[in-house]
Amino acid sequence: MKRIHACGSDEHRIARRQFLGGVAGGAVGGLGMLAASPAAKQLEKTQQRVVCIYMSGGLSQLESWDPKPKTNTGGPFRAIPTSVPGIHISELLSRTAKHMDKLSLVRGINTRNGDHGKGNYHMQHGRQKMPGVSLPNLGAVCAKALEDPSNPMPGHIRIGGGGRGNDSAYLGPRYASIGANGKPPANSERPKELSEAADELRNRFRRKVNDRFAVRRGTAETEAYTYSYERALQLMERRDVFDVSKEPAKMHELYGGESFGQRCLTARRLLENGATFVKLDHSNYDTHNENFNFHLEQVPEFDKGFAALVGDLADRGMLDSTMIVVMSEFGRTPNINKYYGRDHWGNAWSICIGGGKIARGAVVGKTNENGTKVIDREVSFPHLFHTYLAGVGLDSHEPFDVGGRPVPMADPAFGPIDELIT
Amino acid sequence: MAATKADPKKVHVAHQWKHGSPLIACCFSPDGKYVFTSGQDYALQRWEIPSGKKVEWKAHDSWVKDIVFLHDGKTMITAGCDDKLIFWDALAEKPKAIRTIVAHKGWIRSLSVAADGKTFASGGNDRLGKLWDATNGKLIRSFSGHKLDVYSTFLHPNGKMLYSGDQGGEIREWKIADGKFQRKFHGGEVLLTNNTQGVRYGGVRGLAVSPDNKYLAACGLHKATNPLGAVNEPIALLFDMKTNKKVRSQPGSGIKGIAWQLSWLNDGSLAVASGGSGGGFLLFWRPDSDKEFHRFKLPDTARDMAVHPDGLQLATVHYDRHVRIHKLTPKPPAPKKKAKKK
């Protein structure tokens, strides 16, 4: 016999939709409500934010941040000067080169890994994956540690796709990623059949019943539940924040009409309106074949959107409060294979980082002449993870308090790249 | 009596010489005494035939994607990924650059010399074809209209038309006299957009009109089920020159790779050099059949091919650093071993 879950009334349908839909930044607070944030004592007056761009498949460091032109591994692209004397990057990044004074490079990364899944985990969690251990990713950690309870925006947003991510582990679903696609979240508009007055009455009644319940029988879970409803209501009022079409035409022109440019513009719009952590992907860099033709296709597209984002954040005075990270699961082999491709390579590669409390125009680490090994200031994924946290003003050695148990935010055996932190 | 017609079924490697770096492009000198190559080491090489004596020199600030010779027999032009065309006094003891032109914005992928030798064409990543005066390097006109990078060019032997093929498989015919676009040949079969991998992949890698002016041949790849992993197959397409309709697809069935270059041979067949994850091949088709009449396995993946002025030899360049000279004539019998004296 079919079980009946709902009565079918409008009231029930709307409530259920809100509960299940993508509106609330944590539809159920869950364990997240139990974990006390260390941010309160760490954060400065300015709310810190993060935009993380993930170059899916493994961006070639030689066709981006660490070119080696005219060597046996260099490939056909040239290196160009940037706005920082002495720093050269690939000619494919001609727009970004003009913003190098706002960014820094880590060129000495050795993650000793050439597996997509492992690399992805390493870079987004800052630790080795261990059986039976579930860790929150960078977005969830930032959303938790930088949380501003008065901010109705979800703390952890992933641009592209929808739904909720399963990426917050012990921090609870409140800090799990929520998908956004440049349009207002699904089900975030008050249904037409429900008048504003009726909605207000409905919510007033819910609050009254909740308050009465909370006096005698309130728990962390019911508190989280109530919080989620209130947050969803606040978010419904700000649904336009997610709608990139509300941006003026000149902004669309600046970022470009390509999908990636639009996602960068969406990211800036969300960050400007209080989102803590926004992640977007650019794909696909897993170029075992025709590495140069594919990078020729993709890096300039990235360059246009990314340079627009960096410049726009700076113009709006948001750069000091917004850390920018461009990462991959690994780099690509210096050796060029017989298909003009480059394969997986974690032994000597680079990331780009900037904004927030990250030094500007710096290069940390160095590879040898043809990029086959790190010869100065070698770092790996745990150092990078610490650096990301330090880059938004957090003490990455501080633990989260999870149900009374201290849980380190980052691998305690490592620390940040201090020379990158201002 | 010496053979005058190529016999592709007799193809064999006559010479092979190794460079210090994987090779990219090749071209014979008009006198047939040398083959010139470009390498991933940014250098050009001149190989004397049949001794294999090599002269090498550094050239562009980037890789050289194509090489042609002018009809004076000594001036060679190289197309770089550094926006430049360089004219070389190529037969000098130490070849010297005699003219450098910043010709395109971005890679120059293809060159083609007119039958009368007075002009040559180039095509590149600025989506333009360009016609140049071969004597002074002056731009005569540009051909604008491709929506994607121009991968290949071919100047018709009648001196009236330029053909250019782009990344999207579109081939355009242009009138040389006034630069006007004439018509399109749709080679979309050699373009694939793989939405799962989020990449655009394909392109017209080679173009040539048959000597009888019946067909325009184009080559590239199809069946790209995994573009990023080099899973695709080589293919040539034949278009009817009168109707500009595709009349035949000539796939390299079962081979994984790209048809990098093609050329019509003097026996009326079409030769294609392919290379990729399935290795390197020379494939030979007649215009009246989808199936090649001969397939020759190369020792390594091929990246470019050129036809010798005598029409009886091909040069191929390879990732394994070799340039190989193939003869399209019967292999001479191996010298008999002298019997050991008892």
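- Two rings, from B/Y319 and A/Y340, have their centers 6.0 Å or more apart.
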*Check the pair A/N72, B/D41 against side-chain contact (heavy atoms from CB on, under 4.5 Å), reporting the backbone distance first and the verdict last.*
CA-CA 6 Å; A/N72 64 333; B/D41 57 355; over 6 Å; no
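- With respect to chain B, the highest number of heavy-atom pairs below 4.5 Å among A/N293, A/T71, A/N291 belongs to A/N293.
- Of the atoms belonging to B/H318, not a single heavy atom falls under 4.5 Å from chain A.
- Looking at A/L296 and B/N125, their side chains come closer than 4.5 Å, going by heavy atoms from C-beta outward.
- Contact annotation: the side chain of B/P227 approaches that of A/F294 to within less than 4.5 Å [non-hydrogen atoms, C-beta and beyond].
- Residue B/D149 touches chain A through its side chain alone, counting heavy-atom pairs closer than 4.5 Å.
- Of the possible donor and acceptor atoms, none in the side chain of A/Y339 sits under 3.5 Å from a partner among the backbone N and O of B/G276.
- Contact annotation: the side chain of A/Q298 approaches that of B/V199 to within less than 4.5 Å [non-hydrogen atoms, C-beta and beyond].
- Heavy atoms of other residues, nucleotides or ligands lying less than 6.0 angstrom from NZ of B/K54 number more than 12.
- The side-chain heavy atoms of A/K338 and B/T301, taken from C-beta on, include a pair separated by under 4.5 Å.
- Between A/F292 and B/W63, the distance from one ring center to the other falls under 6.0 angstrom.
- The parts of B/D61 that come within reach of chain A are both its backbone and its side chain, each placing non-hydrogen atoms under 4.5 angstrom from that chain.
- Among B/K58, B/R200, B/H60, B/Q40, the residue making the largest number of heavy-atom pairs under 4.5 Å with chain A is B/R200.
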Problem set entry | A/F77 and B/C81: CA distance, side-chain angles, deciding distance, side-chain contact (heavy atoms from CB on, under 4.5 Å) verdict | CA-CA 7 Å; A/F77 297 113; B/C81 296; over 6 Å; no
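- Of the two parts of B/I24, the backbone and the side chain both hold a non-hydrogen atom closer than 4.5 Å to a non-hydrogen atom of chain A.
- Surrounding CG of A/N368 are more than 12 heavy atoms belonging to other residues, nucleotides or ligands, all under 6.0 Å away.
- Interface check for chain B: of the options A/T287, A/D286, A/D343, the most heavy-atom pairs under 4.5 Å are formed by A/D286.
- With a 4.5 Å cut-off on non-hydrogen atoms, B/R109 touches chain A through its side chain but not through its backbone.
- With chain B as partner, the option from A/G75, A/P69, A/G74, A/S259 having the largest number of non-hydrogen pairs under 4.5 angstrom is A/G75.
- Enclosure of atom NZ in A/K70 by more than 12 non-hydrogen atoms of other residues, nucleotides or ligands within 6.0 angstrom is indicated.
- Scanning all heavy atoms of the two residues, the minimum distance from B/Q167 to A/E297 falls at NE2-OE2, 3.1 Å.
- Salt bridge absent: B/D82 and A/R78 never bring a charged side-chain N and a carboxylate O closer than 4.0 Å.
- The residues A/E290 and B/R205 are annotated as salt-bridged, a charged nitrogen and a carboxylate oxygen being separated by less than 4.0 angstrom.
- Around CD of A/E369, the count of heavy atoms belonging to other residues, nucleotides or ligands within 6.0 Å does not exceed 12.
- A donor-acceptor pair is defined here as one N or O able to donate and one able to accept, closer than 3.5 Å; no such pair exists between the side chain of A/N289 and the backbone of B/G229.
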